[in-house]
Amino acid sequence: MSQYKPLEIEEKWQERWEKEKPFAAKDNDNRPKMFLAEMFPYPSGAGLHVGHVRNFSIVDCLARFYTQQGMNVLRPFGYDTFGLPAENYAIKTGISPQEVTKTNIDNFRKQAKRLGYAIDWDREINTSDPEYYKWTQWCFLQLFKKGLAYQAESYQWWCPVDQTVLANEQVENGHCWRCGTEVEKKKMKQWFFKITAYADELLEEIDSLDWPEKIKTMQKNWIGRSEGAELDFAVDGSDEKVRVFTTRPDTLFGATFLVLAPEHPLIEKLTTEKVAKKMQKYCSDAIKKSEIERQENKEKTGVFTGSYAINPLNGKKIPIWVADYVLSGYGTGAIMAVPAHDERDYEFAQKFDLEIIKVIEKPDDVADDDACYHGEGELVNSGDFNGMQSAEAREKIVKWLKKEQIGERKVTYRMRDWLISRQRYWGCPIPIAYDKNGEAHAIPEDQLPVLLPKIDDYKPDSSGRSALAKCDEFLKVTIDGEEMTRETDTLDGYACSSWYLWRYTDPHNAKEAWNKEKVNYWAPTDVYCGGDHAVAHLLYVRFWCKFFADEGYLDFREPIKKLLYNGYINAPDGKKMSKSKGNVIDPLDVISSGYGADTLRTYELFIGPYDQDAAWSTEAIGGVYRFLNRCYTLTFDKEYIKEDTNLIIRNKTIKKVTEDMYRNYFNTAVAAMMEFVNELYKNGASAEDLKTLARLLKPFAPHLACEMLEKLDADDEWPKWDEAALVADEVEMVVQVNGKLRARIMIAADDAEDQAKMEELALADSRVKTYTDGKTIVKKIVIPKNRLVNIVVK
RNA sequence: GCCCGAGUGGCGGAAUUGGUAUACGCGGCGGACUUAAAAUCCGCUUCCCUUACCGGAUUAUGAGUUCGAGUCUCAUCUCGGGCACCA
């Protein structure tokens with residue numbers, strides 16, 4: 001009697017892997033390469049959760065599969081350690097972020113090892129390690145040198161609790177992504193990366209990516225490319241001009257007023273004395289108002305400046321208004337309002353009783369009952385352009401504007417530049433210093449890294465500067481003999497994770513961020529797996545990849561070939577797991593309760609399609625344990641049969657599991673192995689059956705599979721199936737009458753190749769005859785591939 | 001409001017190009033082993049009618065294309081996700 005004891009088996013193999021390092025990737029190798037990675041975790045104090053386990057297990061399953069297929073696999077691991085949680089914890093407890101991070105990493109590493117992942121541990125990276133962030137700073141300087149890292153003063157998202165600015169991507173529904181506080185707008189001088197310089201390429205190349213449609217659509221929407229025109233409206237009785245952006249130059253004749261955003265710089269000049277006070281109050285209120293308030297109250301508000309502009313096409317005088325429904329950060333911060341064909345302008349015109357002129361005739365075949373038709377059609381009330389279709393009119397009008405030098409074709413993006421400075425301590429210092437005149441200078445590369453000093457008081461304040469501002473030794477720096485003051489902002493953590501995939505290919509390089517030869521051998525990453533950061537991180541890595549390709553450091557322009565976006569694992573009640581709800585399943589508890597890591601890993605891959613959310617089931621995991629137990633029993637506690645009687649199911653299983661691995665259907669791969677095992681229980685298993693089983697099982701339950709392979713004295717080479725062995729002597733033929741299944745007949749395999757024979761056998765069957773007797777056969781359809789006959793009778 | 005995605009047993013889900021719907025697992029029921037329980041093993045388990053056989057219905061709803069539809073088309077409903085005054 002031998003019993004499956006997962007905890008003992010797993011300890012044995014993990015010790016062996018620790019000693020023998022079988023997962024080390026080789027930089028120079030003739031085998032085809034395969035670079036896989038999960039989105040590296042933020043090592044929280046709570047340790048691994050079941051979501052990590054699902055994410056890491058998918059990558060591990062593929063890494064082991066490709067290794068068994070004879071590929072040279074790189075499967076590294078690392079930690080994304082800068083960020084607010086560690087710093088906030090430090091403020092609360094007095095334990096330094098450095099210390100907390102070290103403790104958490106040690107715990108994460110221990111737990112990941114307990115799960116038996118095939119990680120090349122010699123390539124471990126940590127973004128808050130000076131050896132790493134030295135090169136993050138180097139990356140920053142390359143962008144700075146090319147003008148793609150710049151400073152600008154404007155209104156920014158500010159989190160009043162975290163006391164720092166945030167990137168657009170970090171504001172979710174008007175709230176801080178970290179602490180959930182409603183964000184404010186604050187006018188500040190900040191650092192930006194010019195991601196918009198790559199907007200077109202980032203958009204165009206999305207279609208070529210092997211990524212989920214969902215993510216691709218989100219990125220497209222985020223970039224938000226709009227084609228249109230920019231044009232000037234002269235201000236009546238003044239030299240000033242108001243420049244507007246529009247996607248519909250064909251509606252220019254219908255522009256009956258202009259609207260400026262409350263932040264617009266011309267407001268003061270255009271506002272007449274009579275309304276100056278009112279205007280000032282309106283604008284300052286609007287700017288102060290949080291974005292949430294602006295969104296919630298969609299009732300249109302606005303103030304007339306008292307000035308008029310001239311519609312360049314028809315010379316008409318139109319009023320200039322200020323309203324907060326126009327956004328300062330998009331286009332030119334001013335619009336031409338066409339109330340007849342834009343819902344928002346229509347609402348505004350209705351409320352303030354402004355002129356509405358129809359200039360587009362709705363085609364008869366378009367069903368649209370809206371008060372204002374916003375589609376395309378034939379132009380009316382548009383002078384020389386009457387009778388043209390929108391598309392033609394657009395072109396002609398823009399051409400005219402260009403000729404008159406008052407406008408031109410223009411492409412605008414919703415995406416803004418990436419705000420990267422943070423007024424917090426626990427981040428990568430920005431390698432910049434200021435001279436006496438406040439001019440920014442790069443810290444020379446030979447002075448990198450700019451070390452983050454150890455301090456006692458991490459607390460941010462409302463000064464708009466990080467805690468580093470209080471550290472005198474840090475502030476002083478000499479560059480080329482000149483005394484300067486260091487930048488005290490730190491980098492957004494997303495900057496640290498925008499290049500880590502390339503560092504994996506050369507993690508210990510002290511002379512450069514990565515070696516060109518190595519990075520171009522391994523990267524781009526073949527498979528990247530994660531369940532978060534659809535627009536932020538996944539857009540930023542693409543941006544940096546294009547930039548470093550332009551600079552000659554990379555030979556590829558897209559960093560990630562295939563993206564697997566895995567779903568969440570929810571609590572048994574279907575709700576999100578959270579400490580406060582007390583419904584958290586701790587994966588380490590599941591392991592130590594006796595199930596072991598193999599059961600946990602296999603269960604999380606079996607739970608459902610990897611890209612769908614799934615609810616944890618405390619009962620269902622027992623089913624996976626029983627399956628592994630049966631694998632063990634077959635190998636260690638049952639007599640092997642001598643005859644090779646399971647040829648068909650064995651080959652079928654190899655084929656199914658192999659094909660499922662290639663299409664990432666992990667759940668059905670496990671189901672196929674379960675079927676195989678059930679069959680072996682019925683028929684008895686040969687040594688060959690069990691070798692096959694262990695080899696197929698290894699990516700899922702590596703410890704048990706190794707134990708089985710050791711007992712069977714077998715290697716782990718991925719098995720191949722024999723197509724010829726899949727066919728039995730006798731096969732089942734299905735007969736339908738009028739599309740309804742009426743009989744299943746066993747026929748010789750040879751007969752199933754012969755349409756006439758199939759038809760003859762089908763018609764001869766007594767059950768079929770019951771349905772065909774006395775009726776006329778209209779049609780007979782024979783599909784040998786499906787072993788199916790359909791007889792149509794009347 | 002707009003843009004995606006999805007609706008299959010009591011539950012998680014399977015069905016790869018239009019061809020046997022409900023694989024696999026959970027739960028449930030029955031049995032074997034056991035003094036007993038657990039563990040393990042075997043069998044049944046979409047619904048309706050039926051002791052059983054036979055039969056009928058069924059992939060959110062309604063229509064359509066087809067010899068044949070979970071799969072394709074159209075409409076409707078429901079749920080999930082994303083964006084949300086972007087001119």
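Proteins come first, then strands; the chains are lettered A, B, ... in the order of their sequence lines, and each starts at number 1. Values in this document were obtained by computation on a predicted structure and should not be read as measured data.
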- Residue pair A/Arg630 / A/Asn678, side-chain donor-acceptor N/O under 3.5 Å: yes
- Note on the structure: Assign each of A/Tyr625 and A/Pro609 the nucleotide of RNA chain B bearing its closest heavy atom; nearer the 5' end lies the nucleotide of A/Pro609
- Item | Protein proximity profile, nucleotides 20-30 of chain B - base contact B, sugar-phosphate-only contact S, no contact -, cut-off 4.0 Å on heavy atoms | B--BBSSS---
- Of all the nucleotides listed (B/U16, B/G82, B/C4), which has the minimum atom distance to the side chain of A/Thr217? B/C4
- Message: Quick check: do A/Met733 and A/Leu761 have side-chain heavy atoms less than 4.5 Å from each other?
- Response: yes
- Query: Is B/G68 syn or is it anti, if syn means the base angle is within 90 degrees of 0?
  - Reply: anti
- Query: In whole angstroms, how far is the P atom of B/G80 from the NZ atom of A/Lys576?
  - Reply: 12 Å
- Closest nucleotide among B/U40, B/A15, B/A87 to the A/Tyr330 side chain: B/A87
- Item | Presence of donor-acceptor pair under 3.5 Å, side chain of A/Lys780 and base of B/C67 | no
- How far does the P atom of B/A39 sit from the matching atom of B/C49, given to the nearest Å? 34 Å
- Starting from the 5' end of RNA chain B, give me the residue, A/Asp345 or A/Tyr665, whose nearest nucleotide shows up first. A/Tyr665
- Message: OP1 or OP2 of B/A87 versus the side-chain N and O atoms of A/Tyr325: is any pair under 4.0 Å?
- Response: no
- Message: Are the side chains of A/Glu675 and A/Lys652 in contact, using a 4.5 Å heavy-atom criterion?
- Response: no
- Task: Could you walk me through whether A/Val322 and A/Val259 pass side-chain contact (heavy atoms from CB on, under 4.5 Å), step by step?
- Result: CA-CA 5 Å; A/Val322 173; A/Val259 188; 6.0 Å; no
- Message: Regarding A/Tyr603 and A/Asp598, do their side chains bring together a donor and an acceptor under 3.5 Å, going by distance alone?
- Response: no
- Whole-Å distance separating the NZ atom of A/Lys214 from the C1' atom of B/C83: 14 Å
- Message: Keeping A/Tyr565 on the side-chain end and A/Asp532 on the backbone end, is there a donor-acceptor pair under 3.5 Å?
- Response: yes
- Message: Please classify the nucleic acid contact of A/Phe257 as base, sugar-phosphate, or nothing, using heavy-atom distances under 4.0 Å.
- Response: nothing
- Expressed in whole Å, how much space separates the C1' atoms belonging to B/U22 and B/G13? 10 Å
- Considering only side-chain heavy atoms of A/Arg663, which listed nucleotide, B/U16, B/U17, B/G56, is closest? B/U16
- Query: Mind checking the P distance from B/U59 to B/C26? Whole angstroms is fine.
  - Reply: 27 Å
- Note on the structure: Rounded to whole Å, the NZ-P distance (A/Lys220 to B/G82) equals 19 Å
- For nucleotides B/C48 and B/A84, find the distance between their P atoms and express it as a whole number of Å. 49 Å
- Query: Once you round it to whole Å, what is the distance between C1' of B/C83 and CZ of A/Arg225?
  - Reply: 20 Å
- Establish, with yes or no, whether the OP1 or OP2 oxygen of B/C42 is under 4.0 angstrom from a side-chain nitrogen or oxygen of A/Arg630. yes
- At under 4.0 Å between heavy atoms, what does A/Lys656 touch on the DNA or RNA strands: base, sugar-phosphate, or nothing? base
- Task: With C1' as the reference atom in both, quote the distance from B/U61 to B/G68 in angstrom, rounded to an integer.
- Result: 22 Å
- Query: Over how many whole Å does the gap from A/Asn570 atom CG to B/G81 atom P extend?
  - Reply: 10 Å
- Query: Which of these passes side chain to side chain contact (heavy atoms under 4.5 Å, CB included) with A/Gln219: A/Leu209, A/Leu202, A/Leu538, A/Leu203?
  - Reply: A/Leu538
- Taking OP1 and OP2 of B/G56, is either one under 4.0 Å from a side-chain nitrogen or oxygen of A/Arg742? yes
- A/Asn221 CG to B/G5 P, straight-line distance once rounded to whole Å: 12 Å
- Item | Pair A/Ser390-A/Asp250, side-chain donor/acceptor within less than 3.5 Å | yes
- Item | Atom pair distance, as rounded to whole Å: CD in A/Glu343 and C1' in B/A84 | 13 Å
- In what stems does RNA chain B take part, counting only runs of at least 3 consecutive Watson-Crick or G-U pairs whose two distances fall under 3.5 Å? B:1-7 with B:77-83, B:10-12 with B:24-26, B:27-32 with B:40-45, B:46-48 with B:55-57, B:60-64 with B:72-76
- Message: Going by salt bridge (charged side-chain N to carboxylate O under 4.0 Å, His left out), name the residues that satisfy it together with A/Glu753, two or more places apart in sequence or in a different chain.
- Response: none
- Item | Separation of the P atoms in B/G25 and B/C44, to the nearest angstrom | 13 Å
- Query: Can a salt bridge be assigned to the pair A/Glu723 and A/Lys655 using a cut-off of 4.0 Å between side-chain N and carboxylate O?
  - Reply: yes
- Item | Rounded distance in Å between the P positions of B/U65 and B/U71 | 15 Å
- Item | Parallel, tilted or perpendicular: ring planes of A/Phe352 versus A/Trp321, cut at 30 and 60 degrees | tilted
- Message: Checking ring pair (Phe, Tyr, Trp, His ring centres under 6.0 Å) between A/Phe257 and each of A/Phe233, A/Phe348, A/Tyr346, which is the one that passes?
- Response: A/Phe348
- To the nearest angstrom, the CZ-C1' distance between A/Phe627 and B/C41 comes to 18 Å
- Message: Mind checking if A/Thr412 touches a base, just sugar-phosphate, or nothing, with heavy atoms under 4.0 Å?
- Response: nothing
- Taking atom P in both B/A23 and B/C72, compute the distance separating them and give it to the nearest angstrom. 22 Å
